S.K.: 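Just passing along the structure, written as structure tokens.
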Amino acid sequence: MDEARPTSGSQAHGMVPLFPPGLQAIYGECRRLYPDQANPLQVTAIVKYWLGGPDPLDYISMYRNVGCPSQDIQEHWHYVSFGLSDLYGDNRVHEFAGAGGPSGFGFELTFRLKREVGETAPPTWPAELMQGLARYVFQSENTFCSGDHVSWHSPLDNSESRIQHMLLTEDPQMQPVHTPFGTVSFLQIVGVCTEELQAAQQWNGQGILELMRGVRVAGGPWLITDMRRGETIFDIDPHLQERVDQGIEAEGSNLSGVSAKCVWDDLSRPPEDEEDSRSICIASQPRRLSDKDTEQIRETLRKGLEFNTKPALPPISGQRQNHDRPQSRKDSLESESSSAIVPHELVRTRQLESVHLKFNQESGTLLPLCLRGRLLHGRHFTFKSINGDTAITFVSTGVEGAFATEEHPYAAHGPWLQILLTEEFVEQMLSEIRDLNTHEESKLPKEYSWPEKKLKISVLPDSVFDNPLQ
């Protein structure tokens, strides 16, 4: 449980008499921006995370920002977290790895919320939102980067607002700080509508953020969230949809995978062949992924965000493309730190003749993105199940390091299935799953079948995945 209280002098962060260097460095950056707000209102975790409390962020400071009238930047509340980085340097939360790398997870979260007329104190709900994101980072050990997006599926302030998801970007004012425990950057949460999240998925988060910077009511240059905003950027300026469409056509999507409700069945052999046929079955316990495979999928996805408290598809995050190398149609399943996939010696790769893929509706609506935005651009896309170790990776013929081949396009490595699709087959599939492009609720189940390719796809109700034994 958190409580909001004003800070006071050297005891501002509950440390008496020492002021931890990591905390001091972040506080110093806040003082640079807000020299007249030495004692901001602060939300504090009553029981610290390192003492067994539920909230990873020790503190969240809340400042009043007057904006910048000359740039038409409106007044707002500015929230800054303390705890994702190493504040103390004594291994109580983060393992101290030296001053040369990132401090803790290497970043803190910020959030800018439009100040409503007559508001004299900042709302405290953003603190719980930031704690929720921090809990994900601590539990998964996945970090955030600028351009990432998180699908929250609920108004951020638990109201009736259309702002139900988030993008992440560099804070426009706060500069990275160097502490004795490493470097800390500041990532700002930006509230977005469902249509803006979908555009970020179809194209990329950075592109949508740049469009939002040009629309004052959608955030403007500093990307200030207005929970009362009732129109998307595409409602405000219909021409922006054309820019997104052009970007998708030219660049494809940089979303390389999602956490999903999905399973796959091997239809190649009769189900009674327990040893080898139905490697993934809804009603059975899936085989475990090896550590090597788990790490490989983590690198492939970069991160598939997972908030088990949310009933819908967990949040989604994109993999940044490597901008230091020339763009080409060749993609790779290599991680940044290893060579191409070499299956674990104890788990043999199996070639399958026929497969059946099953997705819930929200995962199914991402199939056109997977095919058009990724495979037609020579890339790969992974659906990682939130219920166990199941993973389904679609790869194009231009992807290096895959264990699915043109000769054997369906290959399984334990519960990880790879499906290699030719460009011709992708075009055929896109024409036949056109009705999945809509994000509106539709009648389920939906069945798609390509008998000549021995491939079947079903889009099923959530209940099938939530209650696997029914």
Side-chain angles (χ1 to χ4, degrees), residues 1-7 12-14 23 26 30 40-65 76-85 87 93 104-105 107-116 119-140 142-144 148-169 171 186-194 197 223-229 305-312 314-317:
M1 184 177 178
D2 298 335
E3 65 175 356
R5 60 179 177 82
T7 57
H13 297 281
L23 198 60
I26 300 171
C30 293
L41 192 66
Q42 195 172 67
V43 173
T44 302
I46 295 175
V47 180
K48 299 294 186 281
Y49 193 68
W50 36 274
L51 293 175
D55 300 317
L57 302 176
D58 282 6
Y59 317 100
I60 297 159
S61 289
M62 302 177 284
Y63 296 91
R64 183 167 176 169
N65 192 305
H76 59 278
W77 304 109
H78 192 194
Y79 300 75
V80 182
S81 77
F82 294 78
L84 284 160
S85 63
L87 305 178
V93 179
F105 289 108
F107 69 97
E108 294 289 352
L109 293 169
T110 73
F111 182 59
R112 294 174 186 268
L113 178 67
K114 180 184 175 183
R115 177 178 171 268
E116 299 297 340
E119 217 168 39
T120 58
T124 57
W125 63 260
E128 182 51 39
L129 186 73
M130 296 166 87
Q131 290 284 17
L133 292 177
R135 277 190 286 271
Y136 162 73
V137 173
F138 273 82
Q139 290 166 10
S140 69
N142 288 325
T143 58
F144 291 126
D148 283 352
H149 41 289
V150 178
S151 53
W152 196 248
H153 298 285
S154 178
L156 304 188
D157 60 352
N158 294 315
S159 69
E160 299 299 315
S161 174
R162 290 187 70 179
I163 308 300
Q164 302 190 9
H165 310 282
M166 293 166 271
L167 299 180
L168 291 156
T169 188
D171 188 286
F186 296 92
L187 282 179
Q188 180 177 316
I189 300 164
V190 181
V192 297
C193 302
T194 298
L197 173 83
L223 293 168
I224 298 162
T225 298
D226 179 1
M227 293 303 296
R228 296 188 180 184
R229 173 163 69 97
L305 305 190
E306 190 169 318
F307 288 81
N308 292 327
T309 57
K310 296 293 169 182
I316 295 166
S317 177

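In this text, all values refer to a predicted model and were calculated from it rather than measured experimentally. We count residues from 1, following the sequence as given.
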S.K.: Is a donor from one side chain sitting under 3.5 angstrom from an acceptor on the other, for Ser61 and Gln42?
M.R.: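 Ser61 vs Gln42: donor-acceptor pair found between side chains.
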S.K.: How close do Phe111 and Ile189 get, counting heavy atoms only, and between which atoms?
M.R.: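 Closest pair (atom of Phe111, atom of Ile189, distance): CD1-O, 3.3 Å.
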S.K.: What distance separates Leu187 CG from Asp148 CG, expressed to the nearest 0.5 Å?
M.R.: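 Between Leu187 CG and Asp148 CG, I get 8.0 Å after rounding to 0.5 Å.
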S.K.: Closest approach of Val80 and Cys30, non-hydrogen atoms and distance?
M.R.: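 Where Val80 meets Cys30 most closely, the heavy atoms are CG1-SG, 4.1 Å.
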S.K.: Stepwise, does the side-chain contact (heavy atoms from CB on, under 4.5 Å) test hold for Arg229 with Cys193?
M.R.: CA-CA 9 Å; Arg229 173 163 69 97; Cys193 302; 3.9 Å; yes
S.K.: Report yes if some heavy atom in the side chain of Met166 is under 4.5 Å from a heavy atom in the side chain of Phe144; otherwise report no.
M.R.: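 With C-beta onward as the side chain, the pair stays apart.
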S.K.: Going from CD on Gln188 to CZ on Arg112, what distance comes out if it is rounded to the nearest 0.5 angstrom?
M.R.: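 So the CD of Gln188 and the CZ of Arg112 are separated by 5.0 Å.
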S.K.: At their closest point, which heavy atom of Asp55 faces which heavy atom of Arg135, and how far apart are they?
M.R.: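 Scanning both residues, the minimum pair turns out to be OD1-NH1, 2.7 Å.
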S.K.: For residues Leu57 and Ala45, report the shortest heavy-atom separation together with the two atoms involved.
M.R.: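 The answer is O-CB, 3.6 Å.
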S.K.: Let me confirm one number: the CG-OG distance from Leu167 to Ser151, rounded to the nearest 0.5 Å.
M.R.: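 These two atoms lie 10.5 Å from each other.
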S.K.: Determine whether Lys48 and Tyr59 make a side-chain contact, defined as any pair of heavy atoms from C-beta on separated by less than 4.5 Å.
M.R.: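 Heavy-atom side-chain distance check passes, below 4.5 Å.
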S.K.: Measure from the side-chain N and O atoms of Gln164 to the backbone N and O of Trp152, and report whether any donor-acceptor pair falls under 3.5 Å.
M.R.: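 No, Gln164 side chain to Trp152 backbone: no donor-acceptor pair under 3.5 Å.
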S.K.: With heavy-atom distances below 4.5 Å as the criterion, would you say the side chains of Met62 and His78 are in contact?
M.R.: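 Not touching, per the 4.5 Å side-chain cut-off.
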S.K.: Considering residues at least two apart in sequence or located in another chain, which fulfil the side-chain contact (heavy atoms from CB on, under 4.5 Å) criterion with Val93?
M.R.: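 Partners of Val93 by the side-chain contact (heavy atoms from CB on, under 4.5 Å) criterion, ordered by chain and then number, come out as Trp50, Phe138.
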S.K.: Of the non-hydrogen atoms in Leu168 and Val150, which two are nearest, and what is the gap between them?
M.R.: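 Closest approach of Leu168 to Val150, heavy atoms only: CD1-CG2, 4.4 Å.
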S.K.: Could you check if a side-chain atom of His153 sits within less than 4.5 angstrom of a side-chain atom of Thr194, using non-hydrogen atoms only?
M.R.: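 Side chain of His153 against side chain of Thr194, heavy atoms only: no contact under 4.5 Å found.
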S.K.: Just to verify, which of Leu109, Ile60, Leu129, Thr110 counts as forming a side-chain contact (heavy atoms from CB on, under 4.5 Å) with Tyr79?
M.R.: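 When side-chain contact (heavy atoms from CB on, under 4.5 Å) is applied between Tyr79 and each of Leu109, Ile60, Leu129, Thr110, only Ile60 qualifies.
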S.K.: Between Leu84 and Met130, is there a side-chain heavy-atom distance shorter than 4.5 Å?
M.R.: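 The answer is no; the side chains never approach within 4.5 Å.
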S.K.: Tell me the closest heavy-atom pair linking Pro126 and Leu113, and the distance in Å.
M.R.: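 Heavy-atom minimum between the residues: CG-CD2, 4.2 Å.
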S.K.: State which residues pass salt bridge (charged side-chain N to carboxylate O under 4.0 Å, His left out) with Asp226; sequence neighbours excluded, sorted by chain then number.
M.R.: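 Asp226: salt bridge (charged side-chain N to carboxylate O under 4.0 Å, His left out) contacts with Lys114.
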S.K.: Do Pro123 and Asp157 have side chains that approach each other closer than 4.5 Å (heavy atoms only, starting at C-beta)?
M.R.: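 A side-chain contact under 4.5 Å is absent here.
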S.K.: To the nearest 0.5 Å, tell me how far Glu108 CD sits from Asp171 CG.
M.R.: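 It is 12.0 Å, given to the nearest 0.5 Å.
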S.K.: Side-chain contact test, heavy atoms from C-beta onward, threshold under 4.5 Å: evaluate it for Gln131 versus Pro56 and give yes or no.
M.R.: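 They are in contact (side-chain heavy atoms under 4.5 Å apart), so the answer is yes.
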S.K.: Side-chain contact, heavy-atom cut-off 4.5 Å: Ile26 with Phe186?
M.R.: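 Yes, at least one pair of side-chain atoms sits under 4.5 Å.
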S.K.: If you round to the nearest 0.5 Å, how far is CG of Asn158 from CE of Met227?
M.R.: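 Rounded to the nearest 0.5 Å, the CE-CG separation comes out at 9.0 Å.
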